[in-house]
Amino acid sequence: MSLVVATLKRDLLLAARNPGEWANPLMFFLMVAAMFPLAVDPDPKFLSKISGGVIWVAALLATLLSLDALYKADVEDGTLEQWLASGESLYALALVKALVHWCISGLPLTLMSPVLGMMLSLPNEAYWALVLSLAVGTPVLSLLGAVGAALTAGVRSGGLLLSLLILPLYVPVLIFAASAVYHAGIGMQYNGQIGFLGALLALAMCLTPFASAAALKLNLSR
């Protein structure tokens with residue numbers, strides 16, 4: 001069994017044994033949707049105009065919650081040093097870690113999004129756009145977040161630093177994803193926005209693992 005497959009299985013097994021890793025972001029996602037109408041205006045007409053943006057902001061913040069611990073355990077127990085000594089590519093490790101993060105955060109958020117859409121009076125025409133934008137956009141959040149997690153892996157309490165580094169990079173994803181859901185809700189075309197998210201995903205898959213690998217090497221060389 002290759003080290004890449006072994007790492008993928010190990011991380012998924014650890015996530016299954018520690019349900020808090022994937023349950024906490026989901027609970028945060030659900031609580032935002034439940035409490036937002038109480039804090040602003042519960043009128044369905046008002047909520048239907050902003051529900052897409054609210055759901056996307058909640059998904060973005062929920063993704064950030066689980067990023068801080070992405071590499072910390074591997075740094076502390078020496079797994080990263082063993083990986084580097086094995087001769088395996090750190091690019092593959094970074095890609096696997098981002099994939100596992102998306103499986104335990106982005107995928108559940110995507111599957112749960114229609115429920116939040118109903119809670120926030122999302123227009124019927126926008127449901128497919130919401131699910132599609134999350135399916136394409138949340139992997140980008142995981143890939144970009146993995147770079148920040150790699151940079152702050154050796155920093156104690158690096159959650160705030162991670163947020164400051166990564167949040168500006170999330171802005172284009174947030175703008176185009178929320179725009180796709182809004183335009184779908186008013187009956188307009190949203191293919192352009194989804195296409196842009198797809199291009200971002202392709203670019204992130206090609207480039208961010210290299211950045212994560214470089215950041216991990218920097219941490220290991222200290």
Side-chain angles (χ1 to χ4, degrees), residues 12 15-16 18-69 98-145 163 166-167 169-201 204:
L12 289 175
N18 298 286
E21 286 190 27
W22 52 268
N24 287 341
L26 275 180
M27 289 301 296
F28 176 84
F29 194 47
L30 184 61
M31 287 174 64
V32 169
M35 301 186 76
F36 189 84
L38 302 177
V40 286
D41 187 347
D43 180 17
K45 289 184 179 178
F46 171 73
L47 289 176
S48 66
K49 295 178 182 177
I50 61 172
S51 53
V54 172
I55 292 172
W56 252 99
V57 169
L60 187 152
L61 295 176
T63 300
L64 274 178
L65 279 179
S66 54
L67 278 172
D68 186 36
L99 174 62
V100 171
H101 180 267
W102 180 75
C103 288
I104 64 175
S105 65
L107 181 58
L109 295 181
T110 302
L111 297 176
M112 196 175 177
S113 61
V115 178
L116 271 68
M118 286 190 287
M119 294 171 65
L120 293 173
S121 304
L122 186 74
N124 292 334
E125 298 82 2
Y127 276 83
W128 175 240
L130 175 65
V131 173
L132 189 58
S133 66
L134 284 167
V136 180
T138 50
V140 182
L141 301 184
S142 293
L143 287 162
L144 291 173
S163 300
I166 295 304
L167 274 177
L169 302 178
Y170 281 177
V171 172
V173 179
L174 180 65
I175 290 174
F176 282 94
S179 173
V181 180
Y182 176 76
H183 279 81
I186 59 176
M188 294 181 66
Q189 292 291 325
Y190 55 91
N191 295 338
Q193 292 92 328
I194 297 297
F196 186 84
L197 289 176
L200 279 180
L201 176 58

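Taking OG from Ser105 and CG from Leu65, the interatomic distance works out to 10.0 Å, rounded to the nearest 0.5 Å. Note: Ile194 CD1 to Trp128 CH2 = 9.5 Å, rounded to the nearest 0.5 Å. The distance from the OG atom of Ser113 to the CH2 atom of Trp56 is 10.0 Å, given to the nearest 0.5 Å. Here the CG-CG distance, from Leu169 to Leu143, works out to 12.0 Å after rounding to the nearest 0.5 Å.
Applying the ring-ring contact (aromatic ring centres under 6.0 Å, His included) test to every pair with at least one member in residues 172-196, sequence neighbours left out, gives these pairs: Phe176-Phe196.
Residues Ser121 and Ser48 share a closest heavy-atom pair of O-CB, 3.1 Å. The two residues His101 and Ser142 come nearest to each other via the heavy atoms ND1-OG, 2.9 Å. Heavy atoms only, all atoms of each residue included: Pro139 and Leu201 are closest at CB-CD1, 3.6 Å. Residues Pro123 and Ser51 share a closest heavy-atom pair of CD-OG, 4.3 Å. What you find for Leu120 and Pro37 is that their closest heavy atoms are CD2-CG, 3.7 Å. The two residues Ile104 and Ala15 come nearest to each other via the heavy atoms CG2-CB, 3.7 Å.
Inter-residue side-chain proximity for Leu64 and Leu167 is flagged as met; some heavy-atom pair is nearer than 4.5 Å. Looking only at side-chain heavy atoms (C-beta outward), Tyr170 and Leu174 stay at 4.5 Å or farther from each other. You'll find the side chain of Ser66 stays beyond 4.5 Å of the side chain of Asn24, heavy atoms only. Counting heavy atoms from C-beta outward, Leu130 and Pro114 have side chains that stay 4.5 Å or more apart. Using a 4.5 Å cut-off on side-chain heavy atoms (C-beta onward), Leu122 and Val181 make contact. Looking only at side-chain heavy atoms (C-beta outward), Val140 and Leu197 stay at 4.5 Å or farther from each other. Side-chain contact check for Trp102 versus Leu141: every heavy-atom pair is 4.5 Å or farther apart.
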Do Leu61 and Val32 pass the side-chain contact (heavy atoms from CB on, under 4.5 Å) test, and can you show the C-alpha distance, the side-chain angles, and the key distance before you say yes or no? CA-CA 10 Å; Leu61 295 176; Val32 169; over 6 Å; no

Start with the C-alpha gap between Leu109 and Ile55, add the side-chain angles, then the distance that decides, and say whether side-chain contact (heavy atoms from CB on, under 4.5 Å) holds. CA-CA 10 Å; Leu109 295 181; Ile55 292 172; over 6 Å; no

Begin from the C-alpha positions of Gln193 and Ser133 and carry the test side-chain contact (heavy atoms from CB on, under 4.5 Å) through to its verdict. CA-CA 9 Å; Gln193 292 92 328; Ser133 66; over 6 Å; no

